[in-house]
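Notes to accompany the following structure.
First the proteins, then the strands, lettered A, B, ... as listed; each starts at 1. The model shown is predicted, which means the values in this text are computed figures rather than measured ones.
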2 protein chains.
Amino acid sequence: MTHHSDHRAYFFKIDTTIKKIRNALQKQLTEAGFDLTVDQWVLIDHIFRKQGISQNELAEMTFKDPPTVTRIIDLLEKKGLVERGAAAGDRRKFNLFLTSSGETTYKQAFPIVADIRRKGWGSLNDSDYQHFVRIMDSIYQNFT
Amino acid sequence: MTHHSDHRAYFFKIDTTIKKIRNALQKQLTEAGFDLTVDQWVLIDHIFRKQGISQNELAEMTFKDPPTVTRIIDLLEKKGLVERGAAAGDRRKFNLFLTSSGETTYKQAFPIVADIRRKGWGSLNDSDYQHFVRIMDSIYQNFT
DNA sequence: ATGCAATAATTAGTAGACGAATTGTTGGGC
DNA sequence: GCCCAACAATTCGTCTACTAATTATTGCAT
């Protein structure tokens, strides 16, 4: 197997793997009774870790577009999990916070997410992780 | 770095990498004047390789849902790139074919896609590819 | 042969991705 | 002080993902 004949498949493999992880995570969240999508979880996680983050910061950190972040935050606000607070000194911005209901949800959902992560990584080890990071970063950089 | 402290990030890394590849490919296709999305390309590629494939087969092979395939094929049919032919002996099915315009498009777009693939893989080698496949397959299997 | 479960495709509804354009707002240069 | 480029967020339009439900058809079992 030369990589010329076969690495055609790397896009496909990454694509199917991420889908599988997303599906597994979504399924667990839904079965555990959470009304949360994977992407909604990702934003909640970031807001918990950086209280008061702005939407643009959030977009950068999660590699989502600003309009996408707007829509997800809209949904989370409707569900009462996130609040948009006025940003001191800049009326264009919002500072995002979890409501107490949002924090509760975060703390309850976290173990489920952690389990899925552990399950996915399985018995792969540190050396595997280093290969993984090196290869992914390399592909990423090749497009930057 | 123990993997316990850090492999939390693998979902994120896969997610951002696949986004980057998709964006690069989409950009190249668009700049080259093709009215094609990445997913539309993927279906065309499969139909070219297996003329007469059914929509369900296509869904399985690409890991897309049947409704998604229906919609993408609708679009490709409207653009005159794909034809739905009646399947002999089963009126529920369609056999999918590229039109001559579809074949032309395929052959013109292929080099662009191949370039992007090469660019993404860069100077990674066969050994890297083997690690990559092993790790991705392992994660995939851990959810199966 | 009839009935019924499985199958192929579609429709409908919600969510997310992305690009382009828009609305306010801010701050630097003059 | 005023203009204008940059910025934060939003709106709009198109496309894809996934679930659930529906339609039409098929084939197996009795």
d(CD, A:E60; P, D:dC7) in whole Å: 11 Å

B/S/- along nucleotides 16-26 of chain D (protein heavy atoms under 4.0 Å) is SBBBB---BBS

Check A:E60, A:K93, A:R84, A:K64 against A:Q55 for a side-chain hydrogen bond (donor to acceptor under 3.5 Å, both in side chains) and give me the one that passes. A:R84

On the nucleotide C:dA17, are OP1 or OP2 found under 4.0 Å from the side-chain N or O atoms that B:Q26 carries? no

Distance from B:E83 atom CD to B:S100 atom OG, nearest 0.5 Å? 8.5 Å

Please report, rounded to the nearest Å, how far the P atom of C:dA9 is from the CD atom of B:E57. 9 Å

Decide whether a cation-pi geometry holds between B:K20 and A:Y140; the criteria are a distance under 6.0 Å from NZ or CZ to the six-membered ring centre and an angle within 45° of the ring axis. yes

Please check if the distance between the ring centroids of B:Y106 and B:W41 is under 6.0 Å. yes

Over 12 foreign heavy atoms within 6.0 Å of CD, A:Q51: yes

Would you call B:R49 and B:D45 a salt bridge, taking side-chain N to carboxylate O under 4.0 Å as the test? yes

Specify the angle, to 10°, made by the local axes at the two ends of the helix from C:dA1-D:dT30 to C:dC30-D:dG1 when five pairs are taken at each end. 0°

In whole Å, I'd like the distance from the CD1 atom of A:I18 to the C1' atom of C:dG16. 14 Å

Rounding to an integer number of Å, can you tell me how far B:Q55 CD sits from C:dT7 C1'? 13 Å

Pick one: which of B:Q28, B:K27, B:Q26 meets side-chain hydrogen bond (donor to acceptor under 3.5 Å, both in side chains) with B:T30? B:Q26

Let me know the distance between NZ of A:K79 and P of C:dT14, rounded to the nearest Å. 13 Å

Taking the side chain as everything from C-beta on, heavy atoms only, tell me whether A:F132 gets closer than 4.5 Å to B:H131. no

Grab the NZ-P distance between A:K93 and D:dC7 for me, whole Å please. 12 Å

Output the rounded distance in Å from CD (B:E77) to P (C:dA9). 13 Å

Return the value, rounded to whole Å, for the distance between atom CG of A:L58 and atom P of C:dG16. 13 Å

Quick one about A:K79 and A:Q40 (side-chain donor to acceptor, distance below 3.5 Å, no hydrogens or angles considered), yes or no? yes

